[in-house]
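Take a look at the structure set out below.
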Amino acid sequence: MSSFRVKGGLKLKGEITPQGAKNEALQILCAVLLTEETIQIHKIPNIRDVNKLIELLMDMGVAVSKTGPESYEFNAAKVDLDYLDTDKFLTKASSLRGSVMLLGPLLARYGKGKISKPGGDKIGRRRLDTHFVGFQKLGAKFNYDTKREIYNIDGHDLKGTYMLLDEASVTGTANILMAAVMAEGKTTIYNAACEPYLQQLCDMLNRMGAKITGVGSNLLHVEGVKKLNGTEHTLLPDMIEIGSFIGLAAMTQSEITIKDAQIHRLGIIPDTFKRMGIKMEFRGDDIHIPAQKHYEIETFIDGSILTVADAIWPGFTPDLLSIVLVTATQAKGTVLVHQKMFESRLFFVDKLIDMGAQIILCDPHRATVIGLDRKYPLKGIRMTSPDIRAGVSLLIAALSAEGQSIIDNVEQIDRGYQYIDQRLNALGADIVRID
Ligand SMILES: CC(=O)N[C@H]1[C@@H](OP(=O)(O)OP(=O)(O)OC[C@H]2O[C@@H](n3ccc(=O)[nH]c3=O)[C@H](O)[C@@H]2O)O[C@H](CO)[C@@H](O)[C@@H]1O
Ligand SMILES: C=C(OP(=O)(O)O)C(=O)O
């Protein structure tokens, strides 16, 4: 396991370009299985989860070639279905969340699929019912091997149908959609998730010949087609990275310009950080954050304490709540952070408390942060990164702290942030990777 040794208290300055979006990449990579024709994808980030999924596709027989620094070509003309039965596949697939989205395309193209319980962050219960109920509605049979923790689906001749999802699951919607594009007849998916990443997936599938309407809404209509073609696709900038950089700039009093942020696709993210008192200027498609000694958290109109809560898109993404929380520790004012979706994602606050932050963990879902307004800096300590976003929040805390911090288990951070140490060091940070 690797660690970061971080020297705190340095102000950073300069430009940073966000990587291609991790969570979009995972959907788009699974979609290459839907056609025997070649698919080109650009802006693929060099991060652990994405690399593992690419490896998994290669092991399945997909021809993969790197055509540029961040571009790849995929051809799934030949897929070795027997490989799905091997322990090697099942073990590898279980190491990342995104692998579950291999099932939809496999079902659509080959009438069957198999996957072990997918991994991802241990941030509370992460059920998959929505995925499998959706497949069943399309006519597939589902069976869960409780002993080996393997999900099996079987279903030739899928038939379009109406379905109302029990929750607007992001990966669930992507999975069902990919299964439905080649089902016979019309499928209607109501209460669909509609994140920009899902919109991107729909646009890509339509370019491949699928017939999906309602893109961007929670009501998707899919007219089944017999076959899909190849296409070219470019990933969006990672909105979670963008939000992380905004929080980082505020906490470390740094002047940072986030390049080519595709601001119109960021939804409520910039406004949420503005409510934390963080100034930012949109310069074309760049976000410029000036160095700020003080930033003051707004209250609600009636003077009561601001709450920042997650919600399904177009609400605020749960993946940025840890960043909001850490950013609040040096703001002026108080905020209640309410993590509604996941039940174990706020426990990392004990490390921030050890560093000197004033936080009350009210219950597993809610934490109140009383900002220090820089009267006392956080103090560097040794800590472990429990999940990807808590990991980056701890890195931000360490960069703003007085003295040196060690962050262990940075593999969690590497799961989703490409070359983060090198990119931040280029702005003036002092992060050393210790293997
Ligand atoms: C690989 C990937 O893309 N992972 C993302 C994806 O995970 P993933 O697709 O696994 O998450 P889901 O959207 O299925 O659900 C997230 C959590 O929210 C709950 N829930 C969801 C919808 C709803 O209407 N009500 C509700 O309570 C679920 O029970 C679950 O606990 O979406 C999550 C929610 O944005 C993000 O945190 C993850 O980073
Ligand atoms: C929770 C996340 O990822 P995963 O769904 O892959 O665990 C995340 O990206 O914040």
Got a donor-acceptor contact below 3.5 angstrom from the [X] side chain to the [Y] backbone?
X: D286; Y: D260; result: yes
X: N191; Y: L164; result: no
X: T334; Y: I305; result: no
X: Q418; Y: N46; result: yes
X: H221; Y: T188; result: no
X: D310; Y: M341; result: yes
X: N229; Y: M208; result: yes
X: S393; Y: S322; result: yes
X: D238; Y: P18; result: no
X: N143; Y: N152; result: no

Worksheet item: For K92, which of D87, D49, D59 qualifies under salt bridge (Lys or Arg N to Asp or Glu O under 4.0 Å)?
Response: D59

In terms of side-chain geometry, is the basic nitrogen of [X] or [Y] positioned less than 4.0 Å from the acidic oxygen of its partner?
X: D414; Y: R433; answer: yes
X: D285; Y: R265; answer: no
X: R366; Y: D363; answer: yes

Might you point out which heavy atoms bring [X] and [Y] nearest each other, and give the distance in Å?
X: L138; Y: G160; result: CD2-CA, 4.4 Å
X: I246; Y: M280; result: CG2-CE, 3.9 Å
X: V62; Y: A76; result: CG2-CB, 4.0 Å
X: H131; Y: V100; result: CE1-CG1, 3.8 Å
X: A367; Y: L325; result: CB-CD1, 4.0 Å
X: L394; Y: P386; result: CD1-CD, 4.1 Å

Discussion item. The test is side chain to side chain contact (heavy atoms under 4.5 Å, CB included); show your working for F245 and I287 and say whether it passes.
Written reply: CA-CA 10 Å; F245 294 150; I287 303 178; over 6 Å; no

Discussion item. Apply side-chain hydrogen bond (donor to acceptor under 3.5 Å, both in side chains) to residues R207 and T231 and explain how you reach the verdict.
Written reply: CA-CA 7 Å; R207 283 198 306 277; T231 190; 3.3 Å; yes

Atom [atom1] in [X], atom [atom2] in [Y]: separation rounded to 0.5 Å?
X: R415; Y: K52; atom1: CZ; atom2: NZ; value: 8.0 Å
X: T161; Y: Q136; atom1: OG1; atom2: CD; value: 12.5 Å
X: Y190; Y: L219; atom1: OH; atom2: CG; value: 6.5 Å
X: I431; Y: I420; atom1: CD1; atom2: CD1; value: 7.0 Å
X: R389; Y: L320; atom1: CZ; atom2: CG; value: 7.5 Å
X: I370; Y: I359; atom1: CD1; atom2: CD1; value: 9.0 Å

Give a yes or no on whether [X] atom [atom1] has more than 12 heavy-atom contacts from other residues, nucleotides or ligands under 6.0 Å away.
X: K141; atom1: NZ; value: no
X: F347; atom1: CZ; value: yes
X: D157; atom1: CG; value: no
X: E232; atom1: CD; value: yes
X: K279; atom1: NZ; value: no
X: K112; atom1: NZ; value: no

Going by heavy atoms in the side chains, are [X] and [Y] under 4.5 Å from each other?
X: Y144; Y: L128; value: no
X: T86; Y: Y83; value: yes
X: L26; Y: M101; value: yes
X: L102; Y: L57; value: yes
X: T257; Y: K259; value: yes
X: F273; Y: V324; value: yes
X: F89; Y: L56; value: yes
X: Q19; Y: Y419; value: no

Worksheet item: Under 6.0 Å between the ring centres of F132 and Y151?
Response: yes

Worksheet item: Going through the checks in order, is the side chain to side chain contact (heavy atoms under 4.5 Å, CB included) test met by F142 and V133?
Response: CA-CA 9 Å; F142 165 68; V133 172; over 6 Å; no

Fill in: Residue pair C30, L53: steps toward the side chain to side chain contact (heavy atoms under 4.5 Å, CB included) verdict
CA-CA 8 Å; C30 292; L53 190 54; 4.0 Å; yes

Worksheet entry | D166 and T130: side chain donor to acceptor below 3.5 Å | yes

Discussion item. Is it the case that the side chains of T327 and Y295 hold a donor-acceptor pair, with the cut-off being a distance below 3.5 Å and no angle test?
Written reply: no

Practice prompt. Please name the residue in the list Q200, K43, Q199 that meets the side-chain hydrogen bond (donor to acceptor under 3.5 Å, both in side chains) test with E24.
Written response: Q200

Practice prompt. Walk me through it: do D319 and M239 pass the test side chain to side chain contact (heavy atoms under 4.5 Å, CB included)?
Written response: CA-CA 10 Å; D319 297 347; M239 61 181 174; over 6 Å; no

Worksheet item: Taking it one step at a time, do E241 and R423 satisfy salt bridge (charged side-chain N to carboxylate O under 4.0 Å, His left out)?
Response: CA-CA 12 Å; E241 232 200 21; R423 287 158 81 210; 2.7 Å; yes

